[in-house]
Asks: 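Just passing along the structure, written as structure tokens.
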4 protein chains.
Amino acid sequence: MANLTSRSFGSDNHAGVHPAVLAAIAAANKGDAIAYGDDEISSAAQARLCEAAGARRAYFVFNGTAANILGLSLLLRPYEAVICAESSHLNVDECGAAERLLGCKLLPVQSPDGKLTPALIESRLTGLGDEHRAQPRVVQIAQVTELGTCYSLVELKKISEYCRSHGLLMYIDGARLANAAAYLGCALADIAGHADVLSFGGTKNGALGVEAVLVMSDVVAEGGQYHRKQLLQLASKMRFLSAQVSALLDNDLWLQNARQANAMAQRLAAAISAEEGIRLAYPMQSNGVFAELDRERIALLQRDWNLHIWSEAANGRCVVRLMTAFDSTEQDIDELAEAISKTKCFT
Amino acid sequence: MANLTSRSFGSDNHAGVHPAVLAAIAAANKGDAIAYGDDEISSAAQARLCEAAGARRAYFVFNGTAANILGLSLLLRPYEAVICAESSHLNVDECGAAERLLGCKLLPVQSPDGKLTPALIESRLTGLGDEHRAQPRVVQIAQVTELGTCYSLVELKKISEYCRSHGLLMYIDGARLANAAAYLGCALADIAGHADVLSFGGTKNGALGVEAVLVMSDVVAEGGQYHRKQLLQLASKMRFLSAQVSALLDNDLWLQNARQANAMAQRLAAAISAEEGIRLAYPMQSNGVFAELDRERIALLQRDWNLHIWSEAANGRCVVRLMTAFDSTEQDIDELAEAISKTKCFT
Amino acid sequence: MANLTSRSFGSDNHAGVHPAVLAAIAAANKGDAIAYGDDEISSAAQARLCEAAGARRAYFVFNGTAANILGLSLLLRPYEAVICAESSHLNVDECGAAERLLGCKLLPVQSPDGKLTPALIESRLTGLGDEHRAQPRVVQIAQVTELGTCYSLVELKKISEYCRSHGLLMYIDGARLANAAAYLGCALADIAGHADVLSFGGTKNGALGVEAVLVMSDVVAEGGQYHRKQLLQLASKMRFLSAQVSALLDNDLWLQNARQANAMAQRLAAAISAEEGIRLAYPMQSNGVFAELDRERIALLQRDWNLHIWSEAANGRCVVRLMTAFDSTEQDIDELAEAISKTKCFT
Amino acid sequence: MANLTSRSFGSDNHAGVHPAVLAAIAAANKGDAIAYGDDEISSAAQARLCEAAGARRAYFVFNGTAANILGLSLLLRPYEAVICAESSHLNVDECGAAERLLGCKLLPVQSPDGKLTPALIESRLTGLGDEHRAQPRVVQIAQVTELGTCYSLVELKKISEYCRSHGLLMYIDGARLANAAAYLGCALADIAGHADVLSFGGTKNGALGVEAVLVMSDVVAEGGQYHRKQLLQLASKMRFLSAQVSALLDNDLWLQNARQANAMAQRLAAAISAEEGIRLAYPMQSNGVFAELDRERIALLQRDWNLHIWSEAANGRCVVRLMTAFDSTEQDIDELAEAISKTKCFT
């Protein structure tokens, strides 16, 4: 419960708010405004984000789990199921919100790198038309995944084509969509175009707290405003969520922020992957470095650093997740890399 | 969708953020902090609010509907029902969130002034022990009510005693709890002590967006953290919600804000209630003035002012709801009162 | 918990099973049959009932509450609400199943005779398009109502026309649909044609336990088999439910049964309504006699008879509900009427 | 959709009703009886079954999925999860009813023989106390399992001890509990004593359609009657469900029926397991024979026999599930065995 004195690599949620976002919030605090999003700041932010992503509708919500639940609520009937990666945030880290709030069944698939493929999806396409089975309807992927990996545009295309030819809908959890776009060097719309609904995460990207649910067609968006309200996501002073989105869109701040986070993760990976006794667990494709090392070294590091142990590996080793953020600096990275290096003697 | 050029009396959600709250948010933006509330700002804010209200646990959430749903989720089993006023926010203005997210039945009671009494509660205490009936378990009241009325401490005591002697639990929707405390001249704890769970609204009181669910006993709070997460209310960068609460607690800013709003509503009521053709629909006990006047006068006023028509009355008259906020000024009030007065000739 | 020695007038569920229904169950017990309704008895029963009602699909379920919940599940999205009579079985006697299982809000309307009208429906058509309000979508009526009253075909037409012109769907709770058809002298299809979905009750009509959900269009029926399974209504040995339906359809046994019950109720009403101190509370339009009399007389009768006190009336009087069944005899009626008459001296 | 002309081995649900059960239904059809279980037949059947199983409460419901859902509803809070076998009926064959109706998350475990062990359970005991994770609370096993295997009493003891020492509750899906007791040669209570709640299946055991939810303590049973009603399982003419239970209890008919089914499965297994090209996929411990053979042989058999292909195996082979029932005869078995033998030349 103590404040952190060194830079945290435990989560990209440990970072604060980008100064431009805070400034936009302050600037929005002029006079009165209609509540619940019926104000100019909100309509402008929605329109700008929709344009950037090629979306028809944008709903701003409070956090990433809420974005996933609202997004899926637009796609599912009560008897339909969601195919997702076993390791997905939806399946693991949302306290069963999908089951409780949507009543839907998740059909998790083991995936070594957190990514789905048409073959993995097909493995759960069973019992179609059988009234004893929840009917697979939505394929949920994350871009980037919980393991820091990123679908290429070709991989996305294969999945979306598979979905469309098999009567499936596609949802993308984009809590770190900015990092994916930065890594792929593509536009938001290049990714969004493959989805029926997706989220765009602001919070890990430098916002105080805002995520967007982007809906790619009017038909799917029908009734979305009621779902948002029922799912406890309608902000009364919406302008202050919208102002955050606008600030991230100004001068492509979202992209700058993501590039910085990604670059710092690359720097960290480069520094430590050469170390003896350290192995990167997954390909480096965003702002997370998943490094496998001895448990003793991790314990030593945790005296001074906030690190998140991701999973256990063989031989008493663990995978530690090192997250960078929009405001990570080269100095931050170098200090951590040096600290990691110093634990070498203990292996 | 246009920005408001004059002061809005349509809702106390139309106001912006109190400067001290914005400053506290900015001040919280120093360095990294553990996410999800495990930071010093959050633990301090929770402790301070609990102390002020005599509560055992405080969960910060994003909005008032969420506070109501989370609060009720701590009190209800799946087959239990909630007795509430027909006019309550829970019943009318939450898009059926209680039914969808909690699956509970509401048992609404007609109430002329928005308040429940033991007699009104008793009218819905039927079918106890009958397996064909949802079992009444929670009495939900709002302090202040949707009609701007306020329970006296004696009235609260009668209800809470009735509840305790009839196996009922009590939930208070405190979206405007500050206004009630200011009106009654009592401490938060004086009201909270009557409830099992209650909410404390920050947003209408000058916050950017934060409400608290206050739980008065450890037993009831059990599992609350999971409910909060499942109900999509766990903020990752929690410190920025907590900082708002702390700012409202500093120097009793919450009380100053509520007093100012209440005083301005009193000033407005005093000014217009003497007007010919205007009648106050409900007792003036908080920051809302419910005034009945001719529809034509309202239409004229709406050319320049944002006003919310609350309900239709007899003889082509309507009740208009005029809300003041923490930042309403005497000048705001006097301008509106003058404008209202000017419409007199049209009646 | 004692077996009943005299005829019960407490409920039409107190009767047993019609001999022809039992015989049909026994006849169906020949050899093996595919489970879950994929057998000849089931397909025949479904087809026959659909033809009788002009329906496209028939789902057999276990009880009346289940029929209502399954039927409504075909018509509602999560944010939609159901307009129904305050006194409806759905609102009062289903333990909040609609709220728990469908998550929908009920919008009850006070109705003196248990029937809705376009004007009563319109009184709840508020907040359309307002995201803070659950959206009225289904009008639920019962034919016959909980108060034993019956919509005329003209009344049904007015409601269904109102629904269609206002974007509303119509569900009829037909737990006693047979009694209505018998009273009106019309075909099942004459009633069913006004609904989008309706139920047809077998249990009160002489079955052991079966109700049908009738869907009037293929579009609405889509996915119905999954809803039925999820809602715990898919019988494995379905042929034994289907055989009951077939037995009721043979030689219009359902109609004979309903006519007998209705006639006996008429006989009872005629006998007692002439009595001093007895008043019929509602028009006699089916198999229930709602008689208002002094509490003392009821208490005396309850020594020997199973009667259900429906509600309290003024001046220490109560309304008692006297239900007849398919197997009520003239002797049963005359005995009860005589018993009631004998209590006269105590008033 | 054709009636079956030969004996079906596709499911033990394809059998009809045991004559003694039908006779009991007919015998219950005497006079009127209070509805909803408040009759003598029902109270007697509940008491007798409770005594046989050492249970405190018995709720009769319509089918096996309903029994599972009602049973689990007594054990779970909204944020709690159920550990179960990946292959369990609950996870695979109930159309997501647990997720939709209870909102709970299932935590499935791969198990080669359909059985859980303390080690397998422990593999899902992660994230305890972590608000981002649904909290494991109930261990759900089936006795017998979907793969026809049966826990020994020692295995059950190990699981129940593990549960009790880890704060977990135990639910047993006993759709074929009778077959397990027959196989183990133990009393129902010997199995039931390990559970907090369990079901006892009547339907596959010769009933027309009834299952019981058995609750082993009063505390857990609290509110069960409301859950049953809400979950659409309260039969109005309950005596006809209760009479089935009583018939099965008379002279241990349930045990005779289970022994017959088990013995016929053993006879079948003995006959075919010696055949070249046939392998039993799982240990033979109840009334199901899971035989792996060439797909061509299965196709030939399916011309004359109703068989259920359970799963695909390697080398173009399949596992076929052959279920016997209470009324399977030696002649039935010998005819099938001979037919299977005759397909040998095609391999």
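Predicted model only: the values in this text are computed from it and were never measured. Just so it is clear: chains get the letters A, B, ... in the order the sequence lines come, proteins before strands, and each one is counted from 1.
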Asks: If you count the non-hydrogen atoms of other residues, nucleotides and ligands that lie under 6.0 Å from CD in C:E86, is the total more than 12?
Replies: yes
Asks: Might you confirm whether atom CZ of C:R164 has over 12 heavy atoms from other residues, nucleotides or ligands at distances under 6.0 Å?
Replies: yes
Asks: So if I take each residue of residues 119-143 of chain A and look for any heavy atom under 4.5 Å from a heavy atom in chain C, which residues do I end up with?
Replies: A:G129, A:D130, A:E131, A:H132, A:R133, A:Q135
Asks: Residue by residue, scan residues 210-239 of chain A and write down, ordered by number, those that have a heavy-atom distance under 4.5 Å to chain C; if none do, write 'none'.
Replies: A:E222, A:G223, A:Q225, A:Y226, A:H227, A:R228, A:K229, A:Q230, A:L234
